[in-house]
Each structure stands twice: as structure tokens, then as C-alpha cells.
Amino acid sequence: MYNFRIYTLREGSKRMIKLKEGESFKEGESFKEELQRAGIQETQIFQMQLVEKPE
């Protein structure tokens, strides 16, 4: 199982980041680094969801 963080942006699109099982952030990665990896800025985020999906 993997966790995914789904960012819904204010303009309506979605970005998804894959995380390892049981992690809310990739190990050693800060929230700002995760946003950089997703290619978005904090001000663009409308909603965040943590979703668990099978491999």
C-alpha cells in the first residue's frame, strides 16, 4: 500500500505525490520540499487529502 497526497489547486486542477506506506511526508522531506517536488506554491492550494491506495 502507498499513501498519496492529493493537492486540489484553486484553479481546479489536481497534483498527486506518492509517499511510502505509513508516512505522511517522504522521509526527511519538509512540506516546502514536497511542494517544490509537486511544482506548486502554498498559495495555490485549495485542499489537501491523504489517500491510501494499493500498489
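Partners of Thr43 by side chain to side chain contact (heavy atoms under 4.5 Å, CB included), not counting sequence neighbours, listed by chain and number: Gln41. By the side chain to side chain contact (heavy atoms under 4.5 Å, CB included) test, Phe46 is found to be paired with Thr8, Arg10, residues two or more places apart in sequence or in another chain being considered. Applying the side-chain hydrogen bond (donor to acceptor under 3.5 Å, both in side chains) criterion to Glu11, with sequence neighbours excluded, gives Ser13.
Residue Tyr7 is tested with Gln44, Glu34, Glu42 for a side-chain contact (heavy atoms from CB on, under 4.5 Å); the sole match is Glu34.
What you find for Val51 and Ile6 is that their closest heavy atoms are CG2-CD1, 3.7 Å. Of all the heavy atoms in Leu19 and Tyr2, the pair that sits closest is O-CD2, 3.1 Å.
Between the CG atom in Leu9 and the CD1 atom in Ile45 there is a gap of 7.5 Å [rounded to 0.5 Å]. Atom CG of Leu35 is separated from atom CD1 of Ile40 by 5.0 Å, given to the nearest 0.5 angstrom. A distance of 7.5 Å separates CD of Gln47 from NZ of Lys14, quoted to the nearest 0.5 Å.
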